[in-house]
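A short write-up of the structure that comes next.
Indexing begins at 1, ligand by ligand and atom by atom, following the structure's order.
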Amino acid sequence: PGTIYLEDYQAPPYLINRTELHFELGEEDTIVTSRLHLLRAVAEDVPLQLHGQELELLQVSVDNEELAEEAYQLTDDGLLIHQLPEQCVLSCKTRIRPQDNTSLEGLYKSHRMFCTQCEAEGFRKITYYLDRPDVMSVFTVSIEADAKRYPVLLSNGNLLETKPLDNTRHWVQWHDPFPKPAYLFALVAGDLEHIEDSFRTAGGRDVTLRIYVEPKDMGKCDYAMDALKRSMRWDEEVFGREYDLDIFNIVAVDDFNMGAMENKSLNIFNSSCVLAHPDITTDAGYQRIEAIVAHEYFHNWSGNRVTCRDWFQLSLKEGFTVFRDAEFSSDMGSRTVKRVEDVSMLRTAQFAEDAGPMAHPVRPESYIEINNFYTLTIYEKGAEVVRMIHTLLGEENFRAGSDLYFSRHDGQAVTCEDFVRAMEDASGMDLGQFRRWYSQAGTPILSVTDSYDAESNTYTLDVSQRCPATPGQAQKQPFVIPLAMGLLGDAGNLPLTLAGQETDHETEDNTHKVLIVDQERQQFVFDDVRERPVPSLLRGFSAPVRLEYDYDRSALCQLMSRDDDGFVRWDSAQALALQVITEVQQQLSSGAAVVIDPLLSGAFVQLLEDTSLDPAMVAEMLALPGESYLAEQAGEGAADVDLIHRARAAVKQAIGEAAEQVLLARYQALSSVDAYQPSGDQIARRALRNSCLDYLACANGAHLGLAHAQFLSAGNMTDRLAGLRALAFYGAANDWAQPLADFYQDWRHETLVVNQWLQLQAAMPDGGALDRVRGLMEHPDFDLRNPNKVRALIGGFAGQNPVNFHRTDGEGYRLLADVIARLNSINPQIASRLLAPLTKWRYYAGRQDMMRGELQRLAALPELSPDVYEVVTKSLQ
Ligand code: HT7
Ligand code: ZN
């Protein structure tokens with residue numbers, strides 16, 4: 001497969017002003033007839049190269065005249081047509097087989113339902129087209145199908161007409177007045193039911209809202225509907241964005257490659273990201289649904305009204321929309337907790353991506369398969385880049401920039417550069433050097449040292465930045481890094497006066513500053529500092545960088561308990577735990593006696609004793625850094641999975657023992673008899689209670705009884721699963737075998753719960769995990785063609801069970817590679833995503849050859865999909 005380069009971008013030679021599609025849905029095949037209203041956009045007569053994949057061409061005509069065979073050519077990736085008039089209607093009739101489409105791209109069947117997924121390049125599997133985001137067209141779509149099997153026929157925009165055809169079939173027509181690229185096209189046909197609600201926009205438009213599901217799921221739509229209405233109101237209030245059509249539909253589908261898709265007015269969702277009920281959905285599940293419903297809705301402006309010129313600009317819509325959905329979630333719940341969750345994920349997974357073989361800038365310069373670039377870098381780091389612009393410009397200027405971006409580019413397909421320019425133009429700020437965040441890959445390292453002069457009362461921060469080399473980028477230029485900070489003194493945060501700068505008495509908060517680090521080395525001197533402070537650095541995680549500052553443990557404890565910034569309090573707890581776990585690793589590997597610093601358990605006891613603190617925040621602070629994060633922190637060639645596991649478990653056990661009384665007290669006090677609500681307050685209480693249970697069960701087998709009792713009596717899925725997980729992680733087989741079997745019996749009719757059951761068993765650290773996973777692959781509820789099941793069982797094993805995935809006999813790697821080899825032809829997108837844990841081979845001491853060996857085995861397979869080929873070959877370089 002070939003590489004595509006950003007620098008080769010050329011505007012399309014033809015436009016498609018209008019697109020008419022007709023679908024004849026059948027049980028054997030589907031016939032698609034297109035009428036494309038073409039206009040040549042260049043002076044000279046160039047042939048038209050339409051994209052097309054896995055299509056059977058039945059007929060092609062221009063202005064109603066069937067084309068002779070020599071007038072066109074079928075090529076490897078589409079249809080080439082010579083000598084077209086400057087303006088014409090090109091019509092193609094093609095046959096496709098959605099029933100056989102296991103890639104879940106284009107038109108496919110999920111159970112008895114037809115549905116589409118066109119982003120990024122799936123439309124070309126439906127008909128011949130200019131399948132690129134800068135070709136925007138007004139779509140009119142008619143669908144005919146058997147009326148009994150498919151009573152509901154949906155597409156984008158407004159329903160124009162519906163009529164019965166003969167005694168078994170019916171016909172509908174939809175029209176979307178907004179020009180859109182093909183990747184936003186959608187079609188759904190099935191025997192679906194829906195709930196309905198309405199929303200009045202700020203401008204007075206009444207919008208009908210519907211959520212379509214299979215009849216069995218009708219009781220699980222209400223939460224998503226409420227989340228949708230909250231999102232619509234929030235986008236009006238915070239970004240001034242109103243919905244623009246009279247109808248907004250969501251459809252839930254069981255077989256889906258990702259979370260959801262923002263097709264214009266017809267969002268299609270993975271059922272796991274929309275269906276909710278207290279019996280089957282955990283608190284985390286509810287929060288995820290709210291965030292994803294919001295994310296897809298927000299795309300109506302950031303993605304649909306203003307879209308991407310080409311796929312190198314993907315972060316233009318994804319980074320901005322993730323930033324928007326994170327702001328929404330922060331406003332709906334706790335801002336600090338949301339920030340902590342996002343940063344924790346970014347530092348564990350995106351930093352690893354940035355340090356690995358697939359590292360790429362937020363705006364990549366080349367790719368082989370675009371599906372491989374729906375990454376944490378594009379989404380999460382892209383959102384961090386937008387967040388930094390927000391920090392640099394301030395709330396008001398940022399909103400002005402966003403307004404200008406939307407008004408200037410409404411109806412256009414644009415670039416990241418256009419976004420940054422709108423921000424500059426609205427604020428008057430120069431973001432010239434800041435643009436490097438879009439073009440340079442890798443995570444910058446911000447190194448800070450300090451000194452205090454008690455005579456002159458000056459405190460100096462020496463800051464330097466560097467960024468490791470990434471594939472194709474050996475040298476990096478300095479980034480613009482907003483470094484939010486404060487100084488902690490004995491009685492709290494100190495007032496800040498930067499030498500040479502007037503003190504701004506106007507600002508309410510003179511204990512917080514954002515320093516702009518834009519050179520390799522810089523010095524910041526603070527005057528009038530009356531005591532040696534502890535620096536509170538990178539507040540709110542103001543930039544996606546690795547911070548190096550040599551904190552001693554007592555400084556970390558001070559920040560943890562007293563700093564004004566919630567993120568720094570959490571981060572200090574993480575840093576303290578990291579230091580202690582690393583020390584225990586060293587003790588274990590040298591054979592020295594294991595001594596676990598009581599400072600950590602003491603600090604955690606203090607946190608637990610303080611009932612004035614937000615329980616959700618306490619739960620976050622008690623969460624020890626995960627094993628993947630610890631491996632990432634160890635660095636290349638230095639991660640010893642077994643040692644990490646043992647050290648982390650020992651520290652956890654020590655905390656559980658030292659804090660036993662307060663853990664028990666809080667566990668009891670936080671119990672609730674209230675009816676389940678996914679409210680912030682209840683979620684926070686359950687989070688802390690289950691974190692207490694986790695420590696207790698880890699520390700002392702006697703507390704497994706608590707876990708078992710909770711499992712049996714829980715009135716909601718969060719508590720039930722937390723009880724089961726504690727038994728499964730800390731008990732012996734006779735503690736968990738029966739509860740796991742009972743759980744399956746109770747919930748086997750709920751696919752989404754069965755997936756949780758698969759995932760839990762895949763992640764259990766006991767020595768039987770590999771055989772159990774192999775066994776579960778044969779379970780009637782496992783299906784290699786369903787991405788949710790593959791993610792739960794195989795993804796759960798490779799991503800959440802480090803000790804078993806990294807078995808010394810290499811069997812864990814073999815299992816993963818075997819599955820990838822099978823999925824390569826079934827669903828290349830999922831196959832390629834599953835590869836991620838193998839690509840991290842450089843980290844793992846003593847395992848590198850085995851991991852590479854599996855990658856080499858995959859590389860040698862015949863007929864490797866471009867998706868898998870790209871990741872495997874780049875990982876082996
Ligand atoms: N814009 C969408 C990205 C996407 C996708 C979604 C579902 C299936 C396959 C997909 N390929 C790309 C989802 C989003 O970011 O909102
Ligand atoms: Zn998105």
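- We find that Arg233 and Glu236 are joined by a salt bridge, their nearest charged nitrogen and carboxylate oxygen being less than 4.0 Å apart.
- Salt bridge status for Lys180 with Asp176: present, with a side-chain N to carboxylate O gap under 4.0 Å.
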Between Thr102 and Tyr108, does a side-chain hydrogen bond (donor to acceptor under 3.5 Å, both in side chains) hold up when you go through it step by step? CA-CA 7 Å; Thr102 56; Tyr108 64 93; over 6 Å; no
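- Per-residue contacts place His299 under 4.0 angstrom from the following atoms of ligand 1 (heavy atoms of the residue considered): 14 (C), 15 (O), 16 (O).
- Which of Tyr374, Tyr183, Phe269 comes nearest to atom 12 (C) of ligand 1 through a heavy atom is settled by distance: it is Tyr374.
- At the top of the distance list for atom 15 (O) of ligand 1, counting protein heavy atoms only, stands Tyr379 OH, 2.5 Å.
- For ligand 1, the atoms closer than 4.0 angstrom to any heavy atom of Glu296 are 14 (C), 16 (O).
- For the pair Arg230 and Phe328, the cation-pi test (distance below 6.0 Å, angle within 45°) is failed.
- Between Asn371 and ligand 1, not a single N/O pair is under 3.5 Å apart.
- A cation-pi arrangement is present between Arg324 and Phe320, with the terminal nitrogen or guanidinium carbon under 6.0 Å from the aromatic centre and inside a 45° cone about the axis.
- When only interatomic distances are considered, the shortest N/O to N/O separation between Glu119 and ligand 1 falls below 3.5 Å.
- A cation-pi contact, defined as under 6.0 Å to the ring centre and within 45° of the axis, is absent between Lys789 and Phe782.
- Atoms CG and OG, from Asn304 and Ser265 in turn, are 9.0 Å apart once rounded to the nearest 0.5 Å.
- Met258 CE, 3.3 Å is the protein heavy atom nearest to atom 4 (C) of ligand 1.
- Closest to atom 6 (C) of ligand 1 among all protein heavy atoms lies Ala260 O, 3.3 Å.
- Shown are Val306, Ile389, Val385; of these, the side chain to side chain contact (heavy atoms under 4.5 Å, CB included) with Phe419 is made only by Ile389.
- Closer than 2.8 Å to the Zn ion (ligand 2) sit the protein N, O or S atoms His295 NE2, His299 NE2, Glu318 OE1.
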Could you walk me through whether Asp867 and Asn372 pass the side-chain hydrogen bond (donor to acceptor under 3.5 Å, both in side chains) check? CA-CA 6 Å; Asp867 310 57; Asn372 285 330; 5.4 Å; no
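- For Cys308, the side-chain contact (heavy atoms from CB on, under 4.5 Å) partners two or more places apart in sequence, or in a different chain, are Gln313, Leu316, Lys317.
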Should Asp310 and Arg363 be marked as a salt bridge (Lys or Arg N to Asp or Glu O under 4.0 Å) after you check the CA-CA gap, both sets of side-chain angles, and the distance that decides it? CA-CA 11 Å; Asp310 54 73; Arg363 184 186 51 225; over 6 Å; no
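- Close N/O approach between Gln829 and ligand 1 is not found [any backbone or side-chain N/O within under 3.5 Å].
- Note that the CG atom of Asp131 and the CD atom of Glu121 stand 6.0 Å from one another [nearest 0.5 Å].
- Proximity of Glu105 to ligand 1 is not established, as no heavy-atom distance is less than 4.0 Å.
- Every side-chain contact (heavy atoms from CB on, under 4.5 Å) that Leu346 has, sequence neighbours left out, goes to Gln350, Phe351, Glu380, Glu384, Phe541, Pro544.
- Residue Lys317 approaches ligand 1 through these ligand atoms, each under 4.0 Å from one of its heavy atoms: 1 (N).
- In terms of N/O distances under 3.5 Å, ligand 1 is approached by Glu262.
- Among all protein heavy atoms, the one lying closest to atom 8 (C) of ligand 1 is Gln117 CD, 3.3 Å.
- Set against the non-hydrogen atoms of His295, the atoms of ligand 1 under 4.0 Å away are 14 (C), 15 (O), 16 (O).
- Every atom of ligand 1 with a heavy atom of Met261 under 4.0 Å away is listed here by number and element: 1 (N), 2 (C).
- Residues passing the side chain to side chain donor-acceptor pair (under 3.5 Å) test with Arg833: none are found, sequence neighbours excluded.
- Below 4.0 Å from some heavy atom of Glu318 lie the following atoms of ligand 1, by number and element: 1 (N), 14 (C), 15 (O).
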